Amino acid sequence: MRTMVFMWLVLTFSATAVSGQEQTRRWERRSGPVRVPVTVFHSTQSANLPTAETLQSGEWMVEISHRFLPPVSDGADALWGLDGPVYNRLGLAWAATDRLLIGLVRTNLDDNLDLNAKVRVAEGGRNAMPWMLGIAGGVAFNTDAPIGAEDHEVQAYGQAIIDVLVAGRVGVGVVPTVLYNPTIRSLTREVDMALGLHAQFYASEAVSFLSEWIVTPGHSGTGSDELPSDGGTLGIELETGGHFFKILLTNQVRMNPSQYLAGSPFAFEPGQWRVGFNITRLLAF
């Protein structure tokens, strides 16, 4: 009898000890802490210029963008520019990796079809001033080039992307660019330079305000009669559930990179401002 009681006590103690050990192990950390990636801009582009932001591997993104051609100054007769017509852009992008984004975009201006890629090269400053570096480039085909420009319908460009987040709320981007054959109506193919500058103030997780200016030294003021002005844009961005919705006031109605990098036909003054919007939607399968 004593032996049976002793064995019962040993088994009970052992079961209690094992149970306590298992309970303790349930509270042990089973994986390392989640490391939030460095972020400067939330979207992969400003109004026109690219940011160094990419998507997660395997994700897709679709885009629909419009630039209305009548200026806001036309007033009620043109519904403050919303009566149209419009330049339309449709785009599709795919993240081959977390750092490589491949895109195809088309606008009905000259039926410009643009095949492009962007690489997020580096990032840092997580605990101080976050920054990101990227490179982008593309080739454009103007499949409905005007008469006389058929032999000049192919364009190309390359961009460096430098993004910095200041004070946790203000993103600043600098995009120096090289553009081949900036104006397809020209009889000669040239290599030109442009400098894109943009900034964005994040008022909240869902609302931000953006501005953009693209300096085109070869075509501003004394350059091309067709595209005499730099492109400028002001706007508001709404972010929700995988959508980015940008509402814009701009003098730049040309949307594909090989187009907006060459300059604008309109001056950046209130009487020449047009309404535009960009809508992008993230697709994760």
Side-chain angles (χ1 to χ4, degrees), residues 37 39-68 84-121 132 134-145 153-159 161 163 173 175 177 179-180 184 196 198 200 210 212 214 231 233 235 237-248 250 252-262 276-285:
T39 300
V40 177
F41 295 100
H42 298 180
S43 176
T44 60
Q45 68 181 56
S46 180
N48 296 294
L49 294 166
T51 72
E53 186 63 50
T54 53
L55 305 177
Q56 294 184 17
S57 179
E59 291 183 336
W60 294 79
M61 185 179 66
V62 295
E63 175 191 351
I64 300 175
S65 297
H66 281 177
R67 299 294 184 270
F68 293 84
V86 303
Y87 285 143
N88 176 60
R89 176 167 120 152
L90 300 175
L92 182 66
W94 171 62
T97 71
D98 289 346
R99 292 182 174 271
L100 173 60
L101 191 63
I102 299 172
L104 182 67
V105 290
R106 179 193 178 274
T107 174
N108 60 342
L109 174 59
D110 296 332
D111 285 351
N112 184 283
L113 186 66
D114 183 287
L115 178 62
N116 58 75
K118 178 172 66 175
V119 178
R120 176 161 48 91
V121 176
M132 300 178 73
I135 56 174
V139 178
F141 305 89
N142 296 278
T143 58
D144 189 24
E153 63 184 13
V154 178
Q155 299 171 285
Y157 58 92
Q159 298 173 297
I161 307 168
D163 296 341
V175 188
T177 300
L179 175 62
Y180 168 73
I184 61 174
H198 64 103
Q200 194 158 351
L210 62 88
E212 181 181 279
I214 303 173
T233 302
E237 179 182 277
L238 307 176
E239 176 184 352
T240 176
H243 285 87
F244 286 96
F245 186 21
K246 300 177 176 71
I247 306 171
L248 311 169
T250 181
Q252 180 56 277
V253 296
R254 300 157 59 86
M255 285 182 285
N256 275 7
S258 61
Q259 298 175 330
Y260 69 71
L261 290 167
F277 68 78
N278 298 359
I279 302 174
T280 59
R281 168 63 176 167
L282 183 65
L283 302 175
F285 299 103

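Residue numbers run from 1 in the order of the sequence given. Here the structure is a predicted model, which is why all the values come from computation and not from measurement.
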**Student:** Counting heavy atoms not belonging to Leu90, are there more than 12 under 6.0 Å from its CG?
**Tutor:**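 More than 12 heavy atoms, drawn from other residues, nucleotides or ligands, come within 6.0 Å of this atom.
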**Student:** Once you round to the nearest 0.5 Å, how far does OH of Tyr87 lie from NE2 of His66?
**Tutor:**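 The OH atom of Tyr87 sits 13.5 Å away from the NE2 atom of His66.
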**Student:** Which is it for Val121 and Ile135 under the side chain to side chain contact (heavy atoms under 4.5 Å, CB included) test, yes or no, and what are the steps along the way?
**Tutor:** CA-CA 7 Å; Val121 176; Ile135 56 174; 4.1 Å; yes
**Student:** What closest approach, in Å, do Ala95 and Leu55 show between heavy atoms, and which atom pair accounts for it?
**Tutor:**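 Of all heavy-atom pairs spanning Ala95 and Leu55, the closest is CB-CB, 3.8 Å.
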**Student:** Let me confirm one number: the CE-CD distance from Met61 to Glu63, rounded to the nearest 0.5 Å.
**Tutor:**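 Spacing of CE (Met61) from CD (Glu63) equals 6.5 Å.
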**Student:** If you define the side chain from C-beta out and look only at heavy atoms, does anything of Ser43 sit under 4.5 Å from Gln200?
**Tutor:**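 Of all side-chain heavy-atom pairs linking Gln200 with Ser43, none is under 4.5 Å.
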**Student:** Quick check: do Trp60 and Leu92 have side-chain heavy atoms less than 4.5 Å from each other?
**Tutor:**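 With C-beta onward as the side chain, the pair touches.
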**Student:** Looking only at non-hydrogen atoms, find the nearest pair between Ser65 and Asn278 and report the distance.
**Tutor:**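 Closest heavy-atom pair between Ser65 and Asn278: OG-OD1, 3.2 Å.
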**Student:** Any donor and acceptor pair, going by atom type alone, linking the side chain of Tyr260 with main-chain N or O of Asn48 inside 3.5 Å?
**Tutor:** yes
**Student:** Just do the side chain to side chain contact (heavy atoms under 4.5 Å, CB included) check on Val62 and Arg281 with the steps written out, would you?
**Tutor:** CA-CA 5 Å; Val62 295; Arg281 168 63 176 167; 3.7 Å; yes
**Student:** Can you measure from CD1 (Ile214) to CG (Leu261) and round to the nearest 0.5 angstrom?
**Tutor:**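 CG of Leu261 is found 6.0 Å from CD1 of Ile214.
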**Student:** Can you tell if the side chain of Asp98 reaches within under 4.5 Å of the side chain of Thr54, non-hydrogen atoms only?
**Tutor:**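 Side-chain contact under 4.5 Å: no.
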**Student:** For the atom pair OG (Ser46) and NZ (Lys246), what is the distance rounded to the nearest 0.5 Å?
**Tutor:**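 Result: 7.0 Å between the selected atoms.
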**Student:** For Ala47 versus Leu210, what's the shortest heavy-atom pair and its separation?
**Tutor:** CB-CD1, 4.1 Å
**Student:** If you look at every heavy atom in Ile102 and Ala96, which pair is closest and at what distance?
**Tutor:** CD1-CB, 4.3 Å
**Student:** Look up atom CG in Asn142 and atom CG in Asn112, then write down how far apart they are to the nearest 0.5 Å.
**Tutor:**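 The CG atom of Asn142 sits 4.5 Å away from the CG atom of Asn112.
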**Student:** Taking the side chain as every heavy atom from C-beta outward, state whether Asn88 and Ile64 have any pair of such atoms under 4.5 Å apart.
**Tutor:** yes
**Student:** Tell me whether Arg99 contacts the main-chain N or O of Arg120 through its side chain, where contact means a donor paired with an acceptor under 3.5 Å.
**Tutor:**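 A pair under 3.5 Å: yes.
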**Student:** Does some side-chain heavy atom of Thr233 sit less than 4.5 Å from a side-chain heavy atom of His198?
**Tutor:** no
**Student:** Measuring from Leu282:CG to Phe244:CZ, what's the distance to the nearest 0.5 Å?
**Tutor:**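 Atom-to-atom, Leu282:CG and Phe244:CZ are 8.5 Å apart.
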**Student:** Under the 3.5 angstrom rule, does the side chain of Lys118 hit a backbone N or O of Glu53 as a donor-acceptor pair?
**Tutor:**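 It does hold such a pair.
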**Student:** If only atom types and distance count, is the side chain of Glu212 paired as donor or acceptor with the main-chain N or O of Leu49 below 3.5 Å?
**Tutor:**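 Yes; judged by distance alone, with no hydrogens or angles, the pair exists.
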**Student:** Would you indicate whether the side-chain heavy atoms of Arg67 and Leu248 approach each other to under 4.5 Å?
**Tutor:** yes
**Student:** If you compare all heavy atoms of Leu100 against all heavy atoms of Ala117, which two are closest, and at what distance to 0.1 Å?
**Tutor:**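 For Leu100 versus Ala117, the nearest heavy atoms are CD1-CB, 4.4 Å.
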**Student:** Between Gln259 (side chain) and Leu109 (backbone), is there a donor-acceptor pair under 3.5 Å?
**Tutor:**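 Between the backbone of Leu109 and the side chain of Gln259 there is a qualifying donor-acceptor contact (under 3.5 Å).
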**Student:** Measure across Val139 and Tyr157 and return the closest heavy-atom pair with its distance rounded to 0.1 Å.
**Tutor:**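 Minimum heavy-atom contact is N-CE2, 4.4 Å.
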**Student:** Counting C-beta onward and ignoring hydrogens, is there a side-chain heavy-atom pair between Leu179 and Ser258 closer than 4.5 Å?
**Tutor:** yes
**Student:** Judged by atom type as modelled, is there a donor-acceptor pair below 3.5 Å linking the side chain of Thr143 to the main-chain atoms of Asp111?
**Tutor:** yes
**Student:** Against Arg89, only a single residue in Asn108, Asn256, Asp114, Thr107 fulfils side chain to side chain donor-acceptor pair (under 3.5 Å); can you say which?
**Tutor:** Asn256
**Student:** Side-chain contact test, heavy atoms from C-beta onward, threshold under 4.5 Å: evaluate it for Asn116 versus Pro257 and give yes or no.
**Tutor:** no
**Student:** Val105 and Met255: side chain to side chain contact (heavy atoms under 4.5 Å, CB included), yes or no, with the steps?
**Tutor:** CA-CA 10 Å; Val105 290; Met255 285 182 285; over 6 Å; no
